[in-house]
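Reckoned from all heavy atoms, side chains included, excluding hydrogens, waters and symmetry mates. This one's a predicted model, so the numbers in the text were calculated from it and none came from an experiment. Each residue takes its place number in the sequence, starting with 1.
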Amino acid sequence: MAKLKAFTMPKWGIEMAEGTIAEWMVAENAPFARGTMLALIETDKITNEVEAEADGRFVRIIAKAGETYAVGALLAVLSDGSEATAAEIDALIAGFRPSETSFDPEADTPAPAAIAAPAPIAAIAVPEGIAISPVALASAQELGVDLAQVSGSGRNGRISVQDVHQAARAPQPLALVGAFPLLPEGPVMATPVARRLAALHELDLAKVTGTGPRGRVRKADVMAAIANAAPAPQPVAAPAAPSASGAPDVVPMSSMRRTIARRLTQSKQEIPHFYVRRRVRADRLLAHRAATTGEKPSVNDYLIRACALALLEVPAVNIQVHGTDIHQFHQADIAVAVATDRGLVTPIVFGADDLGLSDIANAMKGLAQKARSGKLRPEEFSGGSFSLSNLGGFGVEQFDAIINPPQGAILAVGTASPAPIDDDGAIRIVPVLHLSLSCDHRAIDGADAGRFMAALARLIEQPTLLTGN
């Protein structure tokens, strides 16, 4: 008999909820050795290589390349290398339950796996027709729960230990948190996502037909009800049919692009942005860089160093905002925007204030290469106390950037273009950088933003201050 094992969607990072199968690297029933790359799985901002922990083979691949699956979802069936019958594989798939450590916002609570448990306790009578696990029965005896009043959330209505503990808890007022309030549990069984969507659209769950186990309302049910309740669109004149050559190509958003869209929309909706703009002469910085021997740091490396030192001088900008709390940092962790084929990534130069220009240049080369190849680890782009976005290399003169929460500010940098300046009473034409600082007005005042920009301008215009540690 073959030794079979479920191959599931792994979890990288506390916030990961789903992943996309970018590519299967081995074929079904093809034997592989330990250390072989099995699959490429794309998360919000990185592509992870999944390696084999032991010799084996996939006796059945279930997940399709290009599709997205929740953490803990069954992707394939692994064998230790021996042959497996179709019946054995089907039995594993039929009995599979997602891991309790997995996070699936749309999943119903699974029944616990069958484990060794004490014999059923006779003091609790199990009503006819009710299925219950031995552990749940023991918990019901201990907590004095009437099983007739418990709704099972497991397969075919089986009562799990979680159901017993839920029934044993006295109703408590919920602290409603989140982007919109979560409706308290009522007589209608529904997933958390379904309740949030219903609250957002002011939809009565009692009027929604659930398609989940025991009539539980799921996200798809709520979305269908919302669509049915929407007013019919007014007829409009149909546009002329485009020619075959003018038809658009429809490209679905990648997982990373969807994450970027969600986070930036949330940022613009929830964070009161204000902007402080300033022109800074760049001729001295460019001359200093040109005079540097050996491998030269990029202009962006100079800007990272300048931002780090300015943040230490004006710590009110070196922050993160978490609800009503402001977290002020004692080192400058600069997140730097890097464009990739899959979208924008912001790897972080940690402790940039303690790094010299050459150290920053080496760090950024490694981070940019890993970002473009999708090899960044979650800890390399999560967090940061400030962001820098430089579009000067694309010829963009000036722009405003969107704050990357929970950070409090982001600096947008345009190209250095010739402009007249006052130089000790004389008019000179020199390269000038256009800087725009986007700030979260909940935590940063205009005066602090002004002081930061003044410190930054001084550092850029006196580049010798940026050399050394």
Can you find a pair of side-chain heavy atoms, one from [X] and one from [Y], that are under 4.5 Å apart?
X	Y	answer
Val345	Leu367	no
Arg57	Ser79	yes
Asn29	Val59	yes
Ile21	Lys64	no
Val336	Asn390	no
Asp55	Arg34	yes
Arg60	Asp90	yes
Met364	Val338	yes

For the residue pair Trp24 and Phe58, categorise the inter-ring angle as parallel (less than 30°), tilted (30 to 60°) or perpendicular (more than 60°).
perpendicular
Answer yes or no: does atom [atom1] of [X] have more than 12 heavy-atom neighbours from other residues, nucleotides or ligands under 6.0 Å?
X	atom1	result
Gln328	CD	yes
His330	NE2	no
Glu51	CD	yes

Identify the heavy atoms of [X] and [Y] that sit nearest to each other, and give their distance.
X	Y	result
Glu88	Ala84	OE1-CA, 3.5 Å
Ala409	Ile403	N-CG2, 4.3 Å
Val26	Met37	CG1-O, 3.8 Å
Val317	Asp448	CG2-O, 4.0 Å
Ile334	Cys307	CD1-CB, 4.4 Å
Asp221	Gly210	OD2-CA, 3.4 Å

I need the [X] [atom1] to [Y] [atom2] distance, nearest 0.5 Å.
X	Y	atom1	atom2	result
His434	Phe399	NE2	CZ	12.5 Å
Arg442	Ile326	CZ	CD1	9.0 Å
Leu388	Leu303	CG	CG	6.0 Å
Leu376	Phe381	CG	CZ	6.5 Å
Phe7	Ile61	CZ	CD1	9.0 Å
Ile319	Asp325	CD1	CG	11.5 Å

Any side-chain to backbone donor/acceptor pair from [X] onto [Y]? Under 3.5 Å, distance only.
X	Y	answer
Asp353	Gln331	no
Arg263	Pro405	yes
Thr265	Arg262	no
Gln407	Gly383	yes

For Ser385 and Asn318, what are the C-alpha separation, side-chain angles and deciding distance, and is it a side-chain hydrogen bond (donor to acceptor under 3.5 Å, both in side chains)?
CA-CA 5 Å; Ser385 58; Asn318 193 34; 2.6 Å; yes
Checking Lys268 against His273 for the side-chain contact (heavy atoms from CB on, under 4.5 Å) test, could you report, in this order, the C-alpha distance in whole Å, the side-chain angles of both residues, the deciding distance, and whether it holds?
CA-CA 8 Å; Lys268 286 295 286 184; His273 288 57; 4.0 Å; yes
Sorted by chain and residue number, the salt bridge (charged side-chain N to carboxylate O under 4.0 Å, His left out) partners of Asp301 (sequence neighbours excluded) come out as none
Do Ser438 and Asp400 get their side chains close enough for a donor-acceptor pair, meaning under 3.5 Å?
no
Residue pair Ile402, Ile410: steps toward the side-chain contact (heavy atoms from CB on, under 4.5 Å) verdict
CA-CA 7 Å; Ile402 300 175; Ile410 180 172; over 6 Å; no
Looking at Lys5 and Asp80, is there a salt bridge between them, counting it only when a charged N and a carboxylate O are closer than 4.0 Å?
no
Check the pair Leu311 / Phe329 against side-chain contact (heavy atoms from CB on, under 4.5 Å), numbers first and verdict last.
CA-CA 9 Å; Leu311 287 171; Phe329 294 85; over 6 Å; no
Checking side-chain contact (heavy atoms from CB on, under 4.5 Å) between Thr20 and each of Ile41, Thr68, Leu40, which is the one that passes?
Thr68
By the salt bridge (Lys or Arg N to Asp or Glu O under 4.0 Å) test, which pairs, at least two apart or in different chains, include something from residues 21-30?
none
Would Arg377 and Lys370 count as a side-chain contact (heavy atoms from CB on, under 4.5 Å) here? Give the steps.
CA-CA 9 Å; Arg377 300 188 304 273; Lys370 293 172 73 174; 3.4 Å; yes
I want to know whether Phe452 and Phe386 have ring centres closer than 6.0 Å.
yes
